[in-house]
Protein chains: 2
Amino acid sequence: MRARDEQKKQQLTEKAIEMIVKDGFDGLSMQKLAKAANVSPATIYIYFKDRDDLVRQVAIHAVDKMISSTFTGFDPRMSFAKGLARQWENRMNYMLDNPLHARFMEQIRHSPLGVEVFRKVKEEFSAIMKEFMHGAIRRKELVKLPLEIYWSVAFAPLYQLVKFHNDGKGMHDKPFTLDKKLMKTTLKLVIKALTP
Amino acid sequence: MRARDEQKKQQLTEKAIEMIVKDGFDGLSMQKLAKAANVSPATIYIYFKDRDDLVRQVAIHAVDKMISSTFTGFDPRMSFAKGLARQWENRMNYMLDNPLHARFMEQIRHSPLGVEVFRKVKEEFSAIMKEFMHGAIRRKELVKLPLEIYWSVAFAPLYQLVKFHNDGKGMHDKPFTLDKKLMKTTLKLVIKALTP
DNA sequence: AATATAAATGAATGTTCATTCACTTATAAT
DNA sequence: ATTATAAGTGAATGAACATTCATTTATATT
């Protein structure tokens, strides 16, 4: 027997993300990926069933990694302001430290694969977020709202800001850089919106 | 001489959007598109220089159409609350009436082509939106903010809601439908966030 | 009605694609 | 040290791809 080289799978995963971010889904080919990762095309098929399975696995891996990162130092019993701040920090730090992954996930999220991939990953995650939200409502720190509205107001602005940052451009092609101060300013607005 | 059949270009454009929304960018092939639009593959090259030009033109067309729709009944000198409400209504109506276009644009926006396509279209658009924002700030109806923060808080939540709606699912695979009432609730929160 | 012009075509063209295959190599277990 | 097993390979395969080409067809102008 010979053991699998998990580093090879990792290498394939990272190169695939690079290629997709650079050239889109139609820029990913198995032969180019093999070359980029220094393996034979046939080797890819040891780790992935086919192209479709590769994209799915890579997507699930990326989303998983990002979602775990949002929970460091977070407890759903935290106060609303504290908990949301922690979530924003975690998400922002992760996406600014891993711009390739961030862009990749945004691409996946809005592609035909998006719904499926995010569903697979979100179960544990959204249970915790639901607990956090309901706790905050009980303590009257948060307006009573449908989960989707809460989510849209609480997080969509952050993702848009990160997108501006990773594009390097704001609204008029003007350079844009997201920093902690801008993030905090925006977070304050969001908390104001959601506080009773 | 023989005149170009603009209906053919229109047909190609619509079918291309359909194919990309259904199967992603890698699901669009010239031969399949030709078949779907009932023309010969060679005909495509009369209207579009090559595949890349096709995708770009289709994207610019779609973004253009949507952006014009946001301005019906809108005047940048409107009060902040009225103007933002009109923008939200216009955008929501357009995206719910044209779910294919909405999904297509979200896909483009987050693809490697996104930055370039939206830049081309946004010039006139963002001049008007800037005027609207600055007027509102002058009248103290709106907190003074960098354009990008304003944008992220003012519009990102709406796009996320529309995405939930067009996916047909909210946070836990629970069916989700966006209606005027939910939209108004969310808009109120956003206005609360942005009002001094 | 004749003509000139560009639209429109179906069948090629050469390329790139995903995937497989016959084979070699590394290594864990004996 | 031997062996069994699965990792790993480079070259091949056939399908699908974007694009072109030699013709045919429609039509605006004369």
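Lettering of chains follows the sequences in order, A, B, ..., and the numbering in each one begins at 1.
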Q) Looking at Y47(A), is R4(A) sitting on its ring face, NZ or CZ under 6.0 Å from the six-membered ring centre and within 45 degrees of the normal? A) yes
Contact under 4.0 Å: [X] side-chain N or O vs [N] OP1/OP2:
{"X": "S29(A)", "N": "dC17(C)", "result": "yes"}
{"X": "T43(A)", "N": "dT9(D)", "result": "yes"}
{"X": "K8(B)", "N": "dA8(C)", "result": "yes"}
{"X": "K32(A)", "N": "dA18(C)", "result": "no"}

What's the closest nucleotide to the [X] side chain, out of [options]?
{"X": "R2(B)", "options": "dT27(D), dT19(C), dT9(C)", "result": "dT27(D)"}
{"X": "M30(B)", "options": "dG8(D), dA7(C), dA18(D)", "result": "dA18(D)"}
{"X": "A42(B)", "options": "dT19(C), dT9(C), dT9(D)", "result": "dT9(C)"}
{"X": "Y45(A)", "options": "dC17(D), dG8(D), dA18(C)", "result": "dA18(C)"}
{"X": "Q31(B)", "options": "dT9(C), dC17(D), dA7(D)", "result": "dC17(D)"}

Hey, does [X] reach any base, or is it just sugar-phosphate, or nothing, if we go heavy atoms under 4.0 Å?
{"X": "K9(A)", "answer": "nothing"}
{"X": "F48(B)", "answer": "nothing"}
{"X": "L33(A)", "answer": "nothing"}

Distance, rounded to the nearest Å, where [X] contributes [atom1] and [N] contributes [atom2]:
{"X": "I44(B)", "N": "dG10(C)", "atom1": "CD1", "atom2": "P", "answer": "12 Å"}
{"X": "L54(B)", "N": "dC17(D)", "atom1": "CG", "atom2": "C1'", "answer": "15 Å"}
{"X": "K49(A)", "N": "dA18(C)", "atom1": "NZ", "atom2": "P", "answer": "15 Å"}
{"X": "D52(A)", "N": "dT19(C)", "atom1": "CG", "atom2": "P", "answer": "9 Å"}
{"X": "D26(A)", "N": "dA18(D)", "atom1": "CG", "atom2": "C1'", "answer": "12 Å"}
{"X": "I46(A)", "N": "dG10(D)", "atom1": "CD1", "atom2": "P", "answer": "12 Å"}
{"X": "R4(A)", "N": "dA28(C)", "atom1": "CZ", "atom2": "C1'", "answer": "16 Å"}
{"X": "D50(B)", "N": "dC17(D)", "atom1": "CG", "atom2": "P", "answer": "17 Å"}

(Q) If you assign A3(A) and A3(B) each to the DNA chain D nucleotide with the nearest heavy atom, which residue ends up on the more 5' nucleotide? (A) A3(A)
Q) Relative to the ring of H110(B), is the ring of H110(A) parallel (under 30°), tilted (30 to 60°) or perpendicular (over 60°)? A) parallel
Q) More than 12 heavy atoms of other residues, nucleotides or ligands under 6.0 Å from CD of E6(A): is that the case? A) yes
Q.
Tell me which pairs pass salt bridge (Lys or Arg N to Asp or Glu O under 4.0 Å) where either residue lies in residues 157-166 of chain A, with sequence neighbours left out.
A. K163(A)-D167(A)
(Q) Minimum heavy-atom separation for I67(A) and T70(A), please, with both atom names. (A) O-OG1, 2.6 Å
Q. Between V115(A) and I20(B), is there a shared hydrophobic cluster once you connect ILVMFWY residues whose side-chain heavy atoms come closer than 4.5 Å?
A. no
(Q) Is it the case that dG10(D) (base atoms only) and S40(A) (side chain only) share a donor and an acceptor within less than 3.5 Å, ignoring hydrogens and angles? (A) yes
